[in-house]
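Report on the structure given below.
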Amino acid sequence: MPNRIKEEIARLKKERGAVILAHSYQPGIIQDIADFVGDSLELSRIAARESAELVVFCGVKFMAETAKLLSPESVVVLAAPDSDCSLAACMTGADLRMMKKKHPGASAVTYVNSTVDLKAETWACCTSANSVEVVNAAPSDEVIFGPDRNLGTWVATQTKKILHIWPGGCHAHSGADIRDLREKRAEWPDAEILVHPESPSVFLWEADEVLGTGGMIRHVEKSSSERFIIGTEEGMIYRLETLFPSRQFVAAGKIVCEDMGFTTPELVLKALESRDDGIEIPSELAEKAASAVRRMTEIG
Ligand code: 13P
């Protein structure tokens with residue numbers, strides 16, 4: 001990255017009381033300029049805690065919206081404004097209303113990878129890091145879970161609750177090919193296999209651990225293994241290599257979220273220069289959606 005951009009980012013960040021947040025799937029160059037790198041849950045919490053005047057979010061739209069819901073006083077700008085999430089697009093608030101009619105006694109738990117309009121219909125949100133705890137805390141024996149069917153199916157194996165699962169999916173994780181994982185395992189038979197629960201079920205059956213991105217970091221920290229096969233978006237490999245330079249990591253397959261790759265240092269600079277209001281949440285949805293996200297942060 002040119003020094004001029006690096007210096008401008010540092011100067012504007014100070015001048016505008018800004019904080020730069022980046023998800024662990026972001027390109028390495030963006031992880032390096034961020035103040036905090038983390039998983040969906042950690043970044044939501046940091047946005048609320050920091051209450052910065054300006055939050056520059058390097059990730060995809062639902063993440064910046066979640067930060068805005070928890071930190072309504074901050075101006076939250078998504079550095080790459082076109083970066084969206086294919087999974088979030090799989091289910092709407094109207095879809096959930098239809099599910100509620102079908103399962104009137106069930107509470108709704110919605111993965112945070114979702115639109116504001118879906119969150120607003122929800123009892124509580126969850127991330128991959130706390131999905132089981134949130135489902136277990138629901139005030140009913142039956143739970144409507146969406147939009148991710150792979151995460152929902154995995155949660156169903158970890159709880160006594162009855163789940164009604166919406167059949168949505170992340171195009172990047174869902175497209176992973178199990179033959180790639182088996183090939184890597186044959187090359188590195190001693191490696192631990194860590195897989196994100198958005199992956200197809202066959203990946204989860206062959207994993208040593210099923211973990212969200214933050215859980216993967218915490219697991220590597222306490223593991224004595226030297227090598228790891230990582231079943232999630234490939235930006236995570238850079239994150240792990242940065243944190244654990246003496247260990248080895250390889251991707252379990254080609255799991256690439258194109259939208260996560262949209263962010264560039266130039267766009268971060270542009271976000272710091274912007275004077276608009278950033279992410280705006282329709283007022284009729286804001287309080288309901290925020291309460292579903294807050295409930296999640298209170299549970300776990
Ligand atoms: P985490 O909740 O593990 O950060 O994952 C977010 C995500 O978008 C997975 O595709």
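Read the numbers this way: they start at 1 and go in the same order the structure lists the ligands and their atoms. Atoms considered below: every heavy atom in the structure, side chains included; atoms not considered: hydrogens, waters and symmetry mates.
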Just need the protein heavy atom nearest to atom 6 (C) of ligand 1, so name the residue and atom and give the distance. Ser40 OG, 3.3 Å
Who's the nearest protein heavy-atom neighbour of atom 8 (O) of ligand 1, and how far? Asn113 ND2, 3.0 Å
Honestly curious: do Val77 and Val37 fall in one hydrophobic cluster under the side-chain, below-4.5 Å linking rule? no
Can you name the nearest heavy-atom pair linking Ile299 to Glu133, along with the distance? CG2-O, 3.8 Å
Quick check on [X] - does any of its heavy atoms sit under 4.0 Å from an atom of ligand 1?
X: His173; result: yes
X: Glu42; result: no
X: Ser128; result: yes

Any N/O pair Asp39/ligand 1 closer than 3.5 Å: no
At less than 4.0 angstrom from any non-hydrogen atom of [X], what atoms of ligand 1 do you find?
X: Gly212; result: 3 (O)
X: His196; result: 1 (P), 3 (O), 5 (O), 9 (C)
X: Thr213; result: 1 (P), 3 (O), 4 (O)

Could you pull out all donor-acceptor pairs under 3.5 Å where a side-chain atom in residues 43-62 meets a protein atom, sequence neighbours excluded?
unit_1	atom_1	unit_2	atom_2	d
Ser44	OG	Ser40	O	2.9
Arg45	NH2	Thr297	O	3.0
Arg45	NH2	Gly300	O	3.0

Donor-acceptor under 3.5 Å (Thr242 side chain, Tyr238 main chain): yes
Test item: Lys288 and Ser291 side chains (from C-beta on) under 4.5 Å apart, heavy atoms: no
Whether Arg11 and Glu15 form a salt bridge (side-chain N of Lys/Arg under 4.0 Å from carboxylate O of Asp/Glu) is what I want to check. yes
Can you tell me how the ring of His173 sits relative to the ring of His196, calling it parallel under 30°, perpendicular over 60° and tilted otherwise? tilted
From His23, Glu198, Met236, Met216 - option closest to atom 10 (O) of ligand 1 by heavy atom: Glu198
